[in-house]
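What you see is a predicted model, and the numbers here were worked out from it, not measured in a lab. Residue numbers begin at 1 in each chain, while the letters A, B, ... track the order of the sequences. Computed from heavy atoms alone, side chains included, the values below leave out hydrogens, waters and symmetry copies.
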Amino acid sequence: MEDQARMMSGLVGLSGLSQADVGDHDAVRKQHSLGQPQQDIGDILQQIMAITDESLDEAQARKHALNCHRMKPALFSVLCEIKEKTVLSIRGIQDEDPPDPQIMRLDNMLLAEGVSGPEKGGASAAAAAAAAAAGGSPNDGSIEHSDYRAKLAQIRQIYHSELEKYEQACSEFTNHVMNLLREQSRTRPISPKEIERMVGIIHRKFSSIQMQLKQSTCEAVMILRSRFLDARRKRRNFNKQATEVLNEYFYSHLSNPYPSEEAKEELAKKCAITVSQVSNWFGNKRIRYKKNIGKFQEEANLYAVKTAVDAASVSSQASQANSPATPNSGGYPAPCYTPDGRL
DNA sequence: TTAGATGATTGCCG
DNA sequence: CGGCAATCATCTAA
């Protein structure tokens, strides 16, 4: 009966019940002041429970006494064993997961984009070079290039500072928990193995947070890339001189406006654009000219005259007869190109 | 703000 | 693979 009362009083601190609800306070006090704990486990438990009822100094003294008790290590290991067999064994199984393939994928991508790799790495330079090669005149290209690099550097900086913050928070928290558990292991059955396991759990939690960071960084990089590498979004009209050169070629080869590979290269060099841009231009030009020859008539005449004048000036023979109003009179190919008229 | 111009892309064909 | 046709996305002049 007395034992029961002791146990009940011990529970008071934990359950929040009032002393009046569980029994005679003075009787309990008397038990506490009995001095050295008895050798049976029930007494030790009782004392552990009773700690909550005592003042801090008293509690510390009692805690120390408990720690020094010769039964303590045995009891501790038994309780740890019991705990291990029940809760932790269940948890232990699901904790053993292999390295996440998702996070490896994200890591690889960030490395490839030059975000997580070494500063100013080759990867980012390569990506920027690809951006420059993707389109636009060299001038615009270099502007986009530096803009792209700046944005990428910004993303990289945010990524690294966030990562550092997470790592710091993780290690701080881990230390805190470890200290707490070590401290509590003096009064609770917490084995080093369990502490280790807890650290593992914390690390997993933080790495899942890190994965979110990596994921959002990847997204940001993808958006950046799509914005800068999709040339359609950053289309620049060719400069006047380039258009002039291309038109000259087109109208002076109206009967067969299909420049050879060499001619394309030549034109590309003259216009400071890529060969594929030349191809695009001719493809667009042919289709649009064909669709509406009338609309291009004036332009055709203009370039016919232009070419004629150029040729005439080379032969140092004035061609006064030619004027925009009287086109196709210089012996140059008339705008006779038709869809079927491809020679 | 908007219509037309224009460079790029995509899908298909021979 | 080169070219055509349709279409997209952006630029530009009015």
Rounded distance (Å) that lies between atom P of B/dA8 and atom CG of A/N237: 10 Å

Pair listing, salt bridge (charged side-chain N to carboxylate O under 4.0 Å, His left out) test, anchored in residues 157-172 of chain A, at least two apart: A/E162-A/K165

Protein-nucleotide distance (A/F250, atom CZ; B/dG7, atom C1'), rounded to Å: 15 Å

Touch class at under 4.0 angstrom, heavy-atom based, for A/F238 against every strand present: sugar-phosphate

Parallel, tilted or perpendicular: ring planes of A/F282 versus A/Y249, cut at 30 and 60 degrees: perpendicular

Side-chain N,O (A/N280) to OP1/OP2 (B/dA8) below 4.0 Å: yes

A/Y258 vs C/dC4: side-chain N/O to OP1/OP2 distance below 4.0 Å: yes

Nearest-angstrom distance from the residue atom CG of A/N256 to C1' of C/dG3: 13 Å

Phosphate OP1/OP2 of B/dA5 contacted by A/K295 side-chain N/O (<4.0 Å): yes

Rounded distance (Å) that lies between atom P of C/dC4 and atom NZ of A/K291: 13 Å

Below 4.0 Å: OP1/OP2 of C/dC11 and any side-chain N or O of A/R236: yes

From C/dT10, C/dT12, C/dC4, nucleotide with atom closest to A/I287 side chain: C/dC4

Atom-pair distance (CG on A/N292; P on B/dG4), nearest Å: 12 Å

Flag if over 12 foreign heavy atoms under 6.0 Å of CZ, A/F173: no

Salt bridge (Lys or Arg N to Asp or Glu O under 4.0 Å) between A/K270 and A/E248, worked out: CA-CA 12 Å; A/K270 269 194 206 168; A/E248 252 170 56; over 6 Å; no

Residue-phosphate contact under 4.0 Å: A/Q277 side-chain N/O, B/dG7 OP1/OP2: no

Sugar-phosphate, base or nothing in reach of A/K285, heavy atoms under 4.0 Å: nothing

Nucleotide B/dT6, atom P - distance to CH2 of A/W281 in whole Å: 10 Å

Interatomic distance, A/R288 CZ vs B/dT9 P [rounded to whole Å]: 13 Å

Nearest-nucleotide pick for A/N284, side chain only, options being B/dT6, B/dT9, C/dG3: B/dT9

Within residues 205-217 of chain A or reaching into it, pairs that qualify as salt bridge (charged side-chain N to carboxylate O under 4.0 Å, His left out) - sequence neighbours excluded: A/D107-A/K214

Nucleotide B/dT6, atom P - distance to CZ of A/R235 in whole Å: 9 Å

Distance below 4.0 Å between A/K264 side-chain N/O and C/dG3 OP1 or OP2: yes

